[in-house]
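Here's the structure, in structure tokens; my notes come after.
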Amino acid sequence: MSDDTSAVTAPSAFDADLPVIDDFNPDAGHEELTERVRELAAESWIARNPIGFSILGYDDVTAVLRDKRWHNLVGRLAEMRGITDPHFIENRRESILSAEGEVHTRLRRLVAKAFSPRSADRLRPFMREVVNGLVDEVAPSGRADIAVDICEPYPIPIICELLGAPKEDWQLFSRWAEDVLRIFNGTVLDELDVIKAAQEELNEYTRDLIATRRNDPREDLLTDLIAAEEEGDRLDTEELVMMVNAVIVGGTDTTRNQLGCAVGLFTQHPDQWKLLADRPELAPTAVEEVMRYLGAVRGTGRFASEDIVYRDLLFPEGTIVFPSAVSANYSPDVWEDPGTFDITREPIPGRPQMTFGSGIHYCLGASLARAELQEALPLLARRMPNLAVDGAIEWKPVTTAIFGPAHLPVTFDPGH
Ligand code: HEM
């Protein structure tokens, strides 16, 4: 894709005549912005945005995410938000989400097995139990705020069970997850003390849990991570703590918002909701289609770790790009009739929906997330027949790193 001579001769992307998009306008409606992104994608594989460039084409999004010279912007998030506390920045740099090169390869190699589909399958009965428990609360009335009553609480017990943390600590985890995730908010500078305190409490708790598991191994992720070994290499305690953090940061808000996006979408497609209730075996294709059609992660960020030439344009070192899943997921080159929501649509081999990302940072928890959604959605469809929005869905600002409904008030036939 690049060589030294082309880097000298290729024109800078900053000088190219490119369409412009403002994907950072928090007041834009998600449907309006999505439409604009997709219209642009028909014209150009790349657009200029206020921070750098949006990458729009499916093959280009894949190519950028698979090119290791583009590094994850998440490692720079704290600095970009104006945080200068070196201890804080140092801690975040060590995360698997931001690690690159050999450090990242080693971490992925060590943890891959613990995140396999088989490990996720162990939790399926528990997932059903949790969803049923949540629906039991609202089923008699036939009314719920899906975002608050179902999506919000759902991932915490799963993550606790995954890690082997006891039920009495669910509330603690919920608070830590919420506070640690404040790093993604625009108000992060005001909340830094809360974030740091939650981080430290969580780390302390995790160290204790690790010590307990070392003496008392069980069937859980933490035990698997402690035991993970490749050619004599193991994760040390601080790396284990980092992995638990990554699971909480990566695995809570994503899942709850994706479930909210899914149910919100189904309210607009009652025939598909009924189909899923009648044919729960469609859950795997339904989940891929939901994530393609309305993903909770609309895209991700990368910066050029060196001068990069791609498609005859020079992206100087430090250039920031946003590969857009929203745009890639509607590519007419990949999907026939991409604007149709069809839960029987078969995934195309080698061309997955892009909401889990691609390349080395491809979602580590994808099997777990798929299992969570595959268990929750058919169950909700069966127990909430004739689902309808009661008033209006209140969506989070479209610029929120992980997008979904803040409130999703619904009515449905009670008593199921
Ligand atoms: C539907 C729910 C989920 C979505 C949409 C999602 C999406 C993503 C995406 C797009 C990335 C790549 C980010 C990038 O390239 O910059 C990612 C990475 C990651 N996800 Fe997920 N995720 C979900 C659920 C989960 C769950 C349940 C877990 C944990 C159990 C998890 C853990 C992670 C981790 C640790 C990474 C970093 C991997 C690495 O950098 O090597 N995710 N996720």
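For ligands, and for the atoms within them, numbers begin at 1 and follow the listed sequence.
Around atom 21 (Fe) of ligand 1, the protein N, O or S atoms found under 2.8 Å comprise C363 SG.
Using a 4.0 Å cut-off between heavy atoms, H361 contacts ligand 1 through both its backbone and its side chain. Looking at L368 against ligand 1, only its side chain comes within 4.0 Å, counting heavy atoms. For I360, every heavy-atom contact with ligand 1 shorter than 4.0 Å involves the backbone, none the side chain.
Salt bridge D224/K113: absent, no basic N to carboxylate O contact under 4.0 Å. Comment: R118 does not engage D121 in a salt bridge, judged by the lack of any side-chain N to carboxylate O separation of less than 4.0 angstrom. Taking the charged nitrogens against the carboxylate oxygens, R175 and E201 do have a contact shorter than 4.0 Å, which makes a salt bridge.
Close approach to N72 involves these atoms of ligand 1, each under 4.0 Å from a residue heavy atom: 14 (C), 16 (O). Interface atoms of ligand 1 facing H104, defined by a heavy-atom separation under 4.0 Å, are 39 (C), 40 (O), 41 (O). Every atom of ligand 1 with a heavy atom of T255 under 4.0 Å away is listed here by number and element: 2 (C), 27 (C). Interface of R108 with ligand 1, defined as ligand atoms under 4.0 Å from a residue heavy atom, comprises 38 (C), 39 (C), 41 (O). Contact atoms of ligand 1 toward T355: 5 (C), 7 (C), 10 (C) (distance under 4.0 Å to a heavy atom of the residue). Counting the atoms of ligand 1 from 1 in the order shown, those under 4.0 Å from a heavy atom of Q258 are 1 (C). Set against the non-hydrogen atoms of R302, the atoms of ligand 1 under 4.0 Å away are 14 (C), 15 (O), 16 (O). The L97 neighbourhood of ligand 1 comprises atoms 36 (C), 37 (C), 40 (O), with distances under 4.0 Å to a heavy atom of that residue.
A cation-pi arrangement is absent between R302 and F322 under the rule of less than 6.0 angstrom and at most 45 degrees off the ring axis.
A distance of 6.0 Å or more separates the ring centres of F412 and W273. In this structure, the ring of W176 has its center less than 6.0 angstrom from the ring center of F173. Residues W45 and Y310 bring their aromatic ring centres within 6.0 Å.
For the pair R234 (side chain) and E229 (backbone), a donor-acceptor distance under 3.5 Å is absent.
Ligand 1 has no atom lying under 4.0 Å from any heavy atom of M354.
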### Query
Given F14 and F315, is the ring pair (Phe, Tyr, Trp, His ring centres under 6.0 Å) satisfied, shown in steps?
CA-CA 8 Å; F14 288 93; F315 296 86; 8.0 Å; no
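Each ring-ring contact (aromatic ring centres under 6.0 Å, His included) pair with one or both residues in residues 286-309, not counting sequence neighbours, appears once here: H71-F303, Y293-Y330, Y293-F341.
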